[in-house]
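Here the structure comes first, spelled out in structure tokens, and everything after it is commentary.
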Protein chains: 2
Amino acid sequence: MCPQPPLQTSRSLARQQREQALLKLAQQVLRQDGFAGLTMDRLTALSEVSKGTLYNHFSSKEDVLTALSVDSLERLQQLFRLALGFTGHSRERALALHHAYHRFSAAEPTLFLCLLTAATPGVMEKSSPQRLQRRQKLETELLTMCQTVLLDALADGSLTLPSGTAVEQYAFINWAMAFGCNALFMPLRQLGLFAGLEVGQVNIHSISILFDGMGWLPLAADWDYQASWQRIDQMFSQQLSTPMSDTFIHPMLSNAQEPA
Amino acid sequence: MCPQPPLQTSRSLARQQREQALLKLAQQVLRQDGFAGLTMDRLTALSEVSKGTLYNHFSSKEDVLTALSVDSLERLQQLFRLALGFTGHSRERALALHHAYHRFSAAEPTLFLCLLTAATPGVMEKSSPQRLQRRQKLETELLTMCQTVLLDALADGSLTLPSGTAVEQYAFINWAMAFGCNALFMPLRQLGLFAGLEVGQVNIHSISILFDGMGWLPLAADWDYQASWQRIDQMFSQQLSTPMSDTFIHPMLSNAQEPA
DNA sequence: ACCTGAACACCGTTCAAGT
DNA sequence: ACCTGAACACCGTTCAAGT
């Protein structure tokens, strides 16, 4: 009756679910015992698979970290999709993208640290090429999403490119700023620096400066972006309190399942 | 005749020199075999000390990486000193600071990657508290140097703080931007992204945007900062071609040695 | 007081045997 | 075709013995 529920697919689905379960466990270990506490022994002990199977999923310990960073990027992408759906002018939508980035780094500090760690040469050197490729693809897609908003802004005239500047460049600068602010804040805090500063505020402020510097209209002086930020925050809170996490965890379910 | 050349000092000097030699070797290994290729075995094999002595200097393998990051910060500090000596208005001096940061990341990619790696939780967790403290102190000093220029700008009126903003915040944003741009560029390049972009140009551009966004006078439209960048570059090239590297490598020599 | 390197322990990775 | 876990190998860390 079911139109041949393809065995291969359901098998690979199971495989994917197991991999997700393993990554969940890895996160748990990272949270409990820190990054130094993550060992393949501990991971197998907590899981229900043997070491061999673990290595069937991940080519090395570092590959686990890269896999977690891929997961992070996928979640970021989900948030970016929501951000792009925000109703407002182009600069507000760009603000929404930054909000998504910040929200993720605040809600998932461990995963965000995976993003930082996976950008490290020692980890990249020992990760599987396939996983690195997957990450590259995702990162490209995210940057493309950033460029979408920039192109919109160019189209509606709220932003003008100085001659000799590529859109790519603006996307990179935004990405770098977001990464720098969110990535540096945690370690510097840990070192005891910037005790007086609040992440969210610094973030909003730095984005305002960046966009104003790009000449992105309306400028901060002519618009209440603090209010926009709050509206964006509410939008996210609403959207995330409801279903969506389902579609996130098993993006393939829609193919696999059939209405009864 | 010599006013008691203190034995303790000369001993600790020798110790310091040996530590520098070990760090030089570690760099060599990192360059040749990558970060995954750095092992304590390999380091002792290349050096003339035993493992025990190596561990007498560094509490762990990760401590070696943190030590390299401390070294990096010390060199950055040297460059920052030069930058602050640049003759020009406050925004140009701030540009000089960014130039120093960029110059370092370009001239010493391996050391810069150490800076990135040492900010990683896995490394911090296994580094000695003393070394982490040393790093924190240096990082504070560097940020203070950034704040110096900001305060100058506030004093001469070329920069105005919006109410409710701390100078610290501006210093952090600058630091984050510089870190983000320089740190992300290398890994993203390695992943094959941004093949068309040139680091130096992106850097200058991002700094212009940042300073313009802060409203730091004169704005980019009213001043040729490309020319300033080149003048700064020349200044660095001149200063660095001459002595100074001596005083850098052995900052204590001036105390220890006596004219014959 | 400091150095040595053999010994130890932990942990990442593999692979022959099993289902 | 996939799973298992004992075995292996590498490498980080220690410490008893030496100077």
Side-chain angles (χ1 to χ4, degrees), chain A residues 6-19 21-22 25-26 29-30 32-68 117-118 120 122-131, chain B residues 6-19 21-23 25-26 29-30 32-68 117 120 122-131:
Chain A
L7 270 190
Q8 275 207 342
T9 296
S10 89
R11 187 167 287 179
S12 86
L13 172 66
R15 188 188 151 81
Q16 219 174 306
Q17 284 174 327
R18 186 172 54 187
E19 188 156 312
L22 286 170
L25 285 178
V29 174
L30 290 177
Q32 282 176 9
D33 309 335
F35 279 66
L38 177 68
T39 69
M40 296 305 252
D41 270 325
R42 191 145 165 59
L43 199 47
T44 30
L46 283 178
S47 79
E48 283 173 332
V49 302
S50 68
K51 275 196 176 182
T53 303
L54 185 62
Y55 274 88
N56 198 324
H57 281 275
F58 309 104
S59 71
S60 66
K61 181 190 156 183
E62 283 73 21
D63 205 37
V64 175
L65 290 170
T66 301
L68 283 170
T117 301
T120 262
V123 173
M124 286 182 70
E125 287 164 10
K126 300 183 105 184
S127 296
S128 71
Q130 300 91 316
R131 196 92 53 180
Chain B
L7 269 191
Q8 276 208 340
T9 296
S10 88
R11 186 166 290 180
S12 86
L13 172 67
R15 188 187 151 81
Q16 218 173 307
Q17 283 174 329
R18 188 171 55 189
E19 189 156 312
L22 287 170
L23 290 176
L25 285 178
V29 174
L30 291 177
Q32 282 176 8
D33 309 335
F35 279 68
L38 178 68
T39 68
M40 296 304 252
D41 270 325
R42 190 143 165 60
L43 200 48
T44 29
L46 282 177
S47 78
E48 283 173 332
V49 303
S50 68
K51 277 196 176 181
T53 303
L54 185 62
Y55 274 89
N56 198 325
H57 281 276
F58 309 104
S59 72
S60 68
K61 182 190 155 182
E62 284 71 23
D63 205 37
V64 175
L65 290 170
T66 301
L68 283 170
T117 302
T120 263
V123 173
M124 286 182 70
E125 287 164 9
K126 298 183 105 185
S127 295
S128 70
Q130 299 92 315
R131 195 92 53 180

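Below, chains carry the letters A, B, ... as their sequence lines are ordered, and counting in each starts from 1. A quick note: this is a predicted structure, and the numbers were derived from the prediction, not measured.
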Open item on the list: Would you say B:Arg18 places a side-chain N or O within less than 4.0 Å of OP1 or OP2 belonging to C:dC3?
Closed with: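 Yes, such a contact exists.
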TODO: Would you indicate, yes or no, if C:dC3 has its OP1 or OP2 atom less than 4.0 angstrom from a side-chain nitrogen or oxygen of B:Asn56?
DONE: yes
Spacing between [X] atom [atom1] and [N] atom [atom2], to the nearest angstrom:
X	N	atom1	atom2	result
A:Glu62	D:dC11	CD	C1'	13 Å
B:Arg15	C:dA1	CZ	P	14 Å
A:Tyr55	D:dA7	OH	P	18 Å
A:Met40	D:dC10	CE	C1'	16 Å
A:Glu48	D:dG5	CD	P	12 Å
A:Asp41	D:dA7	CG	C1'	13 Å
B:Leu54	D:dC11	CG	C1'	13 Å

Task: Paired nucleotide for C:dG18 [Watson-Crick or G-U wobble; both distances under 3.5 Å] - done: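 Partner of C:dG18: D:dC2.
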Task: Nucleotide opposite D:dG12 in a Watson-Crick or G-U pair, distances under 3.5 Å - done: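 D:dG12 is paired, partner C:dC8.
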Open item on the list: Heavy-atom nearest nucleotide on DNA chain C for B:Val49 versus A:Lys51: which residue maps closer to 5'?
Closed with: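 Counting from the 5' end, the first nearest nucleotide belongs to B:Val49.
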- [ ] Answer yes or no: is there a side-chain heavy-atom contact under 4.5 Å between A:His57 and A:Val49?
- [x]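 Not in contact.
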Task: B:Leu43 and B:Lys51: CA distance, side-chain angles, deciding distance, side chain to side chain contact (heavy atoms under 4.5 Å, CB included) verdict - done: CA-CA 9 Å; B:Leu43 200 48; B:Lys51 277 196 176 181; over 6 Å; no
- [ ] Pick base, sugar-phosphate or nothing for A:Thr44, based on heavy-atom distances below 4.0 Å to the nucleic acid.
- [x] nothing
Open item on the list: Any base atoms under 4.0 Å from B:Thr53, or only sugar-phosphate, or nothing? Heavy atoms, all strands.
Closed with: base
Open item on the list: Checking B:Thr44 against B:Met40 for the side chain to side chain contact (heavy atoms under 4.5 Å, CB included) test, could you report, in this order, the C-alpha distance in whole Å, the side-chain angles of both residues, the deciding distance, and whether it holds?
Closed with: CA-CA 6 Å; B:Thr44 29; B:Met40 296 304 252; 5.6 Å; no
TODO: Compare the minimum distances between each of D:dC3, D:dT13, C:dT13 and the side chain of A:Ser50, then state the nucleotide with the smallest one.
DONE: D:dC3
